[in-house]
Number of protein chains: 4
Amino acid sequence: MGRTLDVDKHREKSQQILDAAWRCFVRDGFRGASTTDICREAKISPGHLYHYFPSKEAIVEALIEKSLQSIASHFDGIAQEEDVIQSLLSKVHEGFGKPYRPNMLLNIEMLAEASRNPSIAKILQRYTQRMRSLLADRLRDGQERGQVDRQLDPDLAATILIGLVDGVRGMAIKDPSLDTAKTVELLKSLMTRLVAPEASKNAPSDQPKKRVLNVR
Amino acid sequence: MGRTLDVDKHREKSQQILDAAWRCFVRDGFRGASTTDICREAKISPGHLYHYFPSKEAIVEALIEKSLQSIASHFDGIAQEEDVIQSLLSKVHEGFGKPYRPNMLLNIEMLAEASRNPSIAKILQRYTQRMRSLLADRLRDGQERGQVDRQLDPDLAATILIGLVDGVRGMAIKDPSLDTAKTVELLKSLMTRLVAPEASKNAPSDQPKKRVLNVR
Amino acid sequence: MGRTLDVDKHREKSQQILDAAWRCFVRDGFRGASTTDICREAKISPGHLYHYFPSKEAIVEALIEKSLQSIASHFDGIAQEEDVIQSLLSKVHEGFGKPYRPNMLLNIEMLAEASRNPSIAKILQRYTQRMRSLLADRLRDGQERGQVDRQLDPDLAATILIGLVDGVRGMAIKDPSLDTAKTVELLKSLMTRLVAPEASKNAPSDQPKKRVLNVR
Amino acid sequence: MGRTLDVDKHREKSQQILDAAWRCFVRDGFRGASTTDICREAKISPGHLYHYFPSKEAIVEALIEKSLQSIASHFDGIAQEEDVIQSLLSKVHEGFGKPYRPNMLLNIEMLAEASRNPSIAKILQRYTQRMRSLLADRLRDGQERGQVDRQLDPDLAATILIGLVDGVRGMAIKDPSLDTAKTVELLKSLMTRLVAPEASKNAPSDQPKKRVLNVR
DNA sequence: CATGAATGAGCTTTCATTCAT
DNA sequence: CATGAATGAAAGCTCATTCAT
């Protein structure tokens, strides 16, 4: 009982530290944020940090793990809706908009870090695989229902879809004047076209496509 | 004459240092690579580096500028071909494949750095604008010729296209088992569908699309 | 209690570092002494110095502040004696003599540093003002009692007195063979003449002036 | 002949470098100014500096030597006037006033440097001795003519006089609001009193002393 | 559980000086 | 006479981590 409480408290404190680290990493990046910064943000002493995490890298790993878990759980929701394409598009909005910018920045940090740090690469790859599987399964569902092009390789398409959303999200840095709303609309249209079956590609779903594209 | 030679030599040496820095930054990232590393790689003494660049950041900036310039010059080639869509697709291949992995890694580094360093953000934004303009102009050409959907906002579409390629390139880190050839094929197909006019979206160009998609 | 002890210990350690810095600065000057020197002298590691002071300049400032405070507190004593002139002269001895040479050297360093470093100039000016005020007040007292020339501007006279003592102290460097005892005697005589009222300037106090001046 | 021209040119260039160094040292101090700074100011290349001076210290030494020589030559003028006291006072003005501030700053630098660097100490001491001798000789002249107190030790008095002027000059740093004109007046009065013979100490010369002192 | 003192390697940068041309 | 490329030691400072309390 007491043991359980201790474990809970320990977990809670770890969480507080991770929250502080999240803020620091978003602000300064994995390399740019120092353990001192994190401790100050978490309001603990520098020595105490090592009571909860054996190293700075462990913090980064835990943070990435947690962050990806949260994103992946968003994907889980996909499986429950009826219309495959609609359920897919409904998730797109979430990655855009101001409050998601921190996550986007962390995503880029993760990519940068994973390209150099094998243990972080593994985490990233594990979650990517999981999310891609979920997406691919959904696409397969759609193919069975005739909502998705049967000639598409679901795994490959899922990969491309993830890359597409990631890449367009990153454009916010390359072009700060980007109009998010219009971007999301065109992005959705593009995703629809990617997965829609041949026959319906002229009129993908009931989406009022013409208005969407007519943005000039 | 002697003066010209001196300037040439200076430029050559600067270039050698940038080359060394490129290797270090690809290997360890902008923050991860130290000036000492760069000097060792360039085979110069630590002090001598500052004969050519006033700071480490100046090296990063010069490198990014040069790298983006080289990429942008690739884009310039787009303007010369007849078929808009074909000229666009022909450029896609180049971003994939093993020898381009370093550039992809640097691209991610740039994004990460630009999100925190305003002066680097500016460089990135300047070149992004330039490349997007070139692409958008090409799309406008295509629209006039009936090769590109007239309802498309060229600027927005160009932005999405860049993001799409960037994002899919980054998937190589998230999923190392990715089949590059197939990915490129699907990517091209997707790009074609994005820009193709309504009428031809069932049969985009002479590309044997069905085989392409039938990848299972 | 524990908190108080901690603060005390911190202050004590800071003091030890300042003592070490004092030795280094006296030996090599503010610029000539390195933080490494100070750490070696204080027997701490190079990084630990920054646990107590945010920068080398902060050490210099703290040291100057402390040093001037100590000198200023000497001046405070002036206010208590009866005979204004005697109390003034009694303080002169202290600035001369071998054990005071380090302070004299630091005084010169301060002047040199203050002429370039505004934040140190401010400290020096603040304390100068304070000491001059004390001196000027004493002179005003003397004027009321008829011990000091009523035509003298107390503030200006105080400034000159400080400059006089400083300058003569510095002569120890320009002329190492200087006879300190005789110098102090003549200095005192000069100071007496500066402040003494017109009437007594031929026979300043009960001091056997003739012997004092007859130093050949 | 050509040899002579060469020597002249060499001397001229050395002089230009010393002038540049003077500006740098006044601005940043002996330690604060780098050889690079001096070269930039003198518009020569870093390597070329060592064609004229074997080291930075040699520049400092040459500069100090030259500077003191110039000051000493001012003192030489003292010997020619009739009234000892007047000739002495006439020199005081020169050390004050804005255009002399650089020399005052260098004076402090010299003192600081001499306290650590024996070879510079020697130069300073040599010139101090020379100037003190000149002053002392003048005082001896005055004693013979009855213009100067016969009980005064000329050497000691000369030393004190130099220190007095130096010290008061330095007060400009400790108190930037100092009124130079009034300071000089009081300083002159003090110097007069120091050297004037007993009999005349109540009425030192024809100087309108009362107005001078009545500055409240 | 918690502190903060302490470490030492490593960072970017500066500097006086030397050398090849 | 003149350049500027080149050196390498040392500077002030930061950092992840450890340890005594």
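Note on naming: letters A, B, ... go to the chains in the order of the sequence lines (proteins, then strands), and numbering restarts at 1 for each one.
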For this session: Let me know the distance between NE2 of D/H51 and P of F/dT3, rounded to the nearest Å.
Result: 11 Å
For this session: Look through every strand shown and name the nucleotide pairing with E/dA20 as Watson-Crick or G-U wobble, where both distances are under 3.5 Å.
Result: F/dT3
Problem set entry | Side-chain N,O (C/S34) to OP1/OP2 (F/dA11) below 4.0 Å | yes
Problem set entry | Atom-pair distance (NZ on C/K43; P on E/dT7), nearest Å | 13 Å
Problem set entry | Donor-acceptor contact below 3.5 Å, side chain D/D37 vs main chain D/S34 | yes
Exercise. So how far is it from D/T35 OG1 to D/I17 CD1, rounded to the nearest 0.5 Å?
Worked result: 11.5 Å
For this session: Looking at every strand, decide which applies to A/S55 at a 4.0 Å heavy-atom threshold: base, sugar-phosphate, or nothing.
Result: sugar-phosphate
Exercise. Do any side-chain nitrogens or oxygens of D/Y50 fall under 4.0 Å of OP1 or OP2 in E/dC19?
Worked result: no
For this session: Using atom CZ of B/F30 as one end and atom P of E/dT12 as the other, report the distance to the nearest whole Å.
Result: 14 Å
Problem set entry | Side chain to side chain, D/E41 and D/R27, heavy atoms closer than 4.5 Å | yes
For this session: Nearest whole angstrom, please: distance from the C1' of E/dA16 to the CD1 of D/I59.
Result: 10 Å
Exercise. When we call it a touch if two heavy atoms are under 4.0 Å apart, what does D/A58 touch: a base, just sugar-phosphate, or nothing?
Worked result: nothing
Exercise. In terms of side-chain heavy atoms, does A/S115 have a donor or acceptor partner in B/E109 at a distance below 3.5 Å?
Worked result: no
Problem set entry | Value in whole Å for how far the C1' atom of E/dT21 lies from CG of B/D8 | 17 Å
For this session: With DNA chain E as reference, determine whether C/G47 or D/P54 sits nearer its 5' end, using the nearest nucleotide of each.
Result: C/G47
Exercise. Looking across every strand, which nucleic acid part, if any, lies under 4.0 Å from C/Y52 by heavy atom: base, sugar-phosphate, or nothing?
Worked result: sugar-phosphate
Exercise. Within less than 4.0 Å of OP1 or OP2 of E/dT7, is there a side-chain N or O belonging to C/H48?
Worked result: no
For this session: Figure out the CZ/C1' separation between D/R31 and F/dA10, and round it to whole Å.
Result: 14 Å
Exercise. If you look at every strand shown and take non-hydrogen atoms under 4.0 Å, does C/I44 touch a base, only sugar-phosphate, or nothing?
Worked result: sugar-phosphate
Exercise. Do the side-chain N and O atoms of C/E57 and C/N117 include a donor-acceptor pair separated by under 3.5 angstrom?
Worked result: yes
For this session: Send over the distance from C/I17 CD1 to E/dT7 P, rounded to a whole Å.
Result: 10 Å
Exercise. Within less than 4.0 Å of OP1 or OP2 of E/dC15, is there a side-chain N or O belonging to D/T35?
Worked result: no
Exercise. Judged by atom type as modelled, is there a donor-acceptor pair below 3.5 Å linking the side chain of A/K56 to the main-chain atoms of A/A33?
Worked result: yes
Seminar exercise, completed: Note: for B/L49 and C/G32 on DNA chain F, the residue whose nearest nucleotide lies more 5' is B/L49
Problem set entry | Separation of F/dA10 P from C/D37 CG (nearest whole Å) | 11 Å
Exercise. Under 4.0 Å: is that the gap between some side-chain N or O of C/S45 and OP1 or OP2 of E/dT7?
Worked result: yes
Exercise. OP1 or OP2 of E/dA6 less than 4.0 angstrom from a side-chain nitrogen or oxygen of C/K13, does that happen here?
Worked result: yes
